[in-house]
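Read through the structure below, which is laid out as structure tokens, and then see the notes.
Naming: A, B, ... by sequence-line order, numbering from 1 per chain.
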Number of protein chains: 2
Amino acid sequence: MKKQAGRATLKDVAEAAGVSISTVSRAFSSPERLSPSTVQHVKEVAARLRFSVNPVAKALITGTSMNIGLVVPDITNPYMSTLLKAAQTHSRGRSIGVFAADTDDSARIEREVCHQLAQQTRGIILCGSRMSVPHIRELSEMIPLVLVSRVVEGIPSLYTGSTPALEELVDELVDLGHRRIAYLSGPAQSWANKQRSRAVSRRVTARGAEFVKLPPTTASYGDGRAAAGNVVESGATAVMAFDDVLASGLVEGLRRLGRLVPDDVSVTGHDDVLAELVYPGITTITGQSARVGQLAVDWLLEEPAAEGDTGTTRTEAVEGRVVRRGSVAAPP
Amino acid sequence: MKKQAGRATLKDVAEAAGVSISTVSRAFSSPERLSPSTVQHVKEVAARLRFSVNPVAKALITGTSMNIGLVVPDITNPYMSTLLKAAQTHSRGRSIGVFAADTDDSARIEREVCHQLAQQTRGIILCGSRMSVPHIRELSEMIPLVLVSRVVEGIPSLYTGSTPALEELVDELVDLGHRRIAYLSGPAQSWANKQRSRAVSRRVTARGAEFVKLPPTTASYGDGRAAAGNVVESGATAVMAFDDVLASGLVEGLRRLGRLVPDDVSVTGHDDVLAELVYPGITTITGQSARVGQLAVDWLLEEPAAEGDTGTTRTEAVEGRVVRRGSVAAPP
DNA sequence: AAAGGTAGTGCAAACGTTTGATAATGTCCA
DNA sequence: TGGACATTATCAAACGTTTGCACTACCTTT
């Protein structure tokens with residue numbers, strides 16, 4: 001916002017059109033209360049003056065802005081950038097602006113950023129939050145929230161449900177003959193990571209195979225590559241990674257150690273981003289980031305309607321499907 | 001912004017502290033004009049009431065907000081998401097918020113979005129703008145602008161200068177024996193695309209080799225893969241792609257046609273994103289997106305200082321360097 | 001022809017700040 | 001003791017909207 005010499009205000013338009021300020025305001029906000037001729041006249045003058053209502057003044061008086069916040073641990077992750085794109089595009093259609101914030105995987109930054117956003121947005125979409133439950137609760141007292149990839153009782157939550165798909169994958173591996181299956185963990189504080197780890201662990205042991213949990217990472221390509229050593233050492237013949245970024249890195253890391261995927265070790269990912277780009281293509285689970293992003297926006301904007309606190313809060317899993325590519329085979 | 005029952009205002013703090021509204025305001029904005037004891041007292045009360053200044057009221061009165069806009073053609077492109085991350089992180093350090101907008105490669109959407117942002121931000125970083133020069137000029141009358149990956153006379157512009165690096169690459173290819181070199185175009189309206197195309201074309205012909213220009217694409221992975229047919233048909237033994245995303249797709253497309261990189265055809269990219277992730281690693285040019293993002297924020301926030309219109313507008317190229325990986329070899 | 005509606009418009013307060021002008025305290029010196 | 005001068009705090013206007021209420025015409029009813 002420049003101290004712009006000439007940006008037309010309601011007052012300018014009112015004077016030019018020979019009507020009162022309120023009339024101009026109404027011509028835009030509730031034209032049905034004005035005579036059609038007045039509306040037309042005012043709008044013409046307004047167009048001539050290139051007038052458009054000042055969103056910050058409007059926000060101040062109405063107490064609600066046309067912006068939402070989207071906070072993510074790492075915008076560089078294709079899952080997140082796809083989600084952002086969908087959320088933003090969807091919001092634009094409803095003339096809503098999107099504040100994007102990257103927390104760099106830090107709960108502290110996340111908290112700061114959310115408080116800052118709370119004062120100038122109508123709601124926040126919190127993706128893969130690393131914050132403690134009390135902190136999330138506290139925040140939700142101040143501002144409508146929609147959680148993505150995390151579930152907190154009493155707060156609308158949205159995530160990709162992948163337990164069935166993960167089990168399907170485990171079964172496939174076991175059936176192929178794998179007796180020792182590893183899970184390559186993502187960020188330690190990630191709710192989704194815990195879910196996936198648990199789903200895999202259970203199914204693997206249920207099927208009578210051996211489960212190995214590989215230590216937490218930051219879900220970056222580099223960490224995936226670096227994990228190759230651990231994988232080899234673990235003796236696992238198949239590794240299911242937290243996500244595709246990690247899986248891609250792992251494939252490259254294994255290659256450098258002279259291990260080929262899928263001949264020497266099978267690898268699976270999650271989210272279906274990147275999985276197609278690398279070679280061999282990685283068998284993965286669709287993350288539906290675009291759909292999730294769009295849904296999150298809808299929920300956030302509808303939420304006030306559910307003000308009645310019917311006691312039922314929405315929690316929904318967008319189910320992921322297995323996508324088979326070339327990274328899975330029988331053990332050597 | 002909820003119609004929150006209790007969000008403390010200056011007035012509340014003033015009453016609780018037994019001072020006037022202005023005093024509370026000054027305790028935060030210009031504490032040196034108050035006695036130290038008053039400041040301390042006010043701040044204590046404010047903290048107790050969880051007060052923090054309402055940014056929208058502040059923006060209204062001061063006529064300048066603490067937010068900037070960042071608009072990009074496609075946030076999904078790793079170059080852009082890295083840039084966004086850097087810009088956002090850097091802004092946070094200066095307590096500035098970032099509006100992110102994805103224009104989906106459309107000049108029309110870009111224009112709409114910019115006008116909307118102009119009213120609630122202090123400036124806009126316009127990346128890879130597809131808008132016409134007059135439209136950009138018009139916009140820059142309304143709001144401070146910093147252009148990225150595009151140069152318009154009179155407006156601060158920032159881009160990765162890659163002509164020398166591209167020439168280096170061309171030389172390398174020619175020296176390896178390539179006699180027919182193709183350039184795989186990016187988006188038709190992209191300024192950067194024109195620059196790169198021209199640089200390559202000139203150098204290739206200057207070195208006595210044949211130049212082939214492959215038709216525009218959207219710089220997506222799919223388009224890169226689809227371009228493989230054209231490449232084979234063109235008879236080129238080396239192709240320099242607009243960016244890494246395109247290059248990665250091309251490598252995969254060629255593989256599907258039974259052509260191997262680099263044995264059958266050499267491929268280069270641009271930006272050094274993704275280039276490391278695929279196999280074989282792609283020889284590319286660093287895009288320095290993080291540095292560019294950070295610099296853009298600095299320029300935008302400093303710009304008012306240059307209000308004096310000294311006639312010199314800043315235009316700077318962050319020079320890209322060649323990064324050699326495995327995608328280049330002698331022709332078959 | 002008086003009473004009652006209704007449609008169209010204007011007035012003025014309010015939103016939560018900032019900030020220039022102004023008043024209320026002292027303190028110091030003659 | 002009385003002024004001059006800092007120092008510190010308050011007043012009130014302003015930013016650009018929205019919106020409840022009041023007002024003016026004019027049109028129906030009876």
Applying side chain to side chain contact (heavy atoms under 4.5 Å, CB included), run through B:V39 and B:F28 and close with a yes or a no. CA-CA 8 Å; B:V39 172; B:F28 290 95; over 6 Å; no
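- Residue pairs meeting the salt bridge (charged side-chain N to carboxylate O under 4.0 Å, His left out) criterion with at least one partner in residues 38-53 of chain A, sequence neighbours excluded, do not occur; the list is empty.
- Defining each end axis of the helix from C:dA1-D:dT30 to C:dA30-D:dT1 as the rotation carrying four pairs' C1' atoms onto the next four, with five pairs an end, the two axes are found to diverge by 60° to 10 degrees.
- Taking only side-chain nitrogens and oxygens, B:S35 comes nearer than 4.0 Å to OP1 or OP2 of D:dA9.
- Within a 6.0 Å sphere centred on CZ of B:R291, other residues, nucleotides and ligands contribute 12 heavy atoms or fewer.
- Atom CZ of B:R26 is separated from atom C1' of D:dT10 by 8 Å (rounded to the nearest Å).
- With rounding to whole Å, B:L60 atom CG is found 12 Å from D:dT18 atom P.
- A:K11 has its NZ atom 7 Å from the P atom of D:dC15, to the nearest Å.
- Checked by atom type, the side-chain pair A:S25/A:S22 shows no donor-acceptor distance below 3.5 Å.
- Distance B:D12 CG to C:dC15 C1': 13 Å, rounded to the nearest Å.
- The shortest distance between the side-chain N/O atoms of B:S20 and the OP1/OP2 oxygens of D:dT10 is below 4.0 Å.
- Rounded to whole angstrom, the span from the CG atom of B:L10 across to the P atom of D:dT10 amounts to 13 Å.
- Here salt bridge (charged side-chain N to carboxylate O under 4.0 Å, His left out) pairs that include residues 77-96 of chain A, with residues two or more places apart or in two chains, are A:K85-B:D74, A:K85-B:D102, A:K85-B:D104, A:R94-A:D298.
- Under the 3.5 Å distance criterion, with hydrogens and angles disregarded, no donor-acceptor pair is assigned to the side chains of B:T103 and B:S106.
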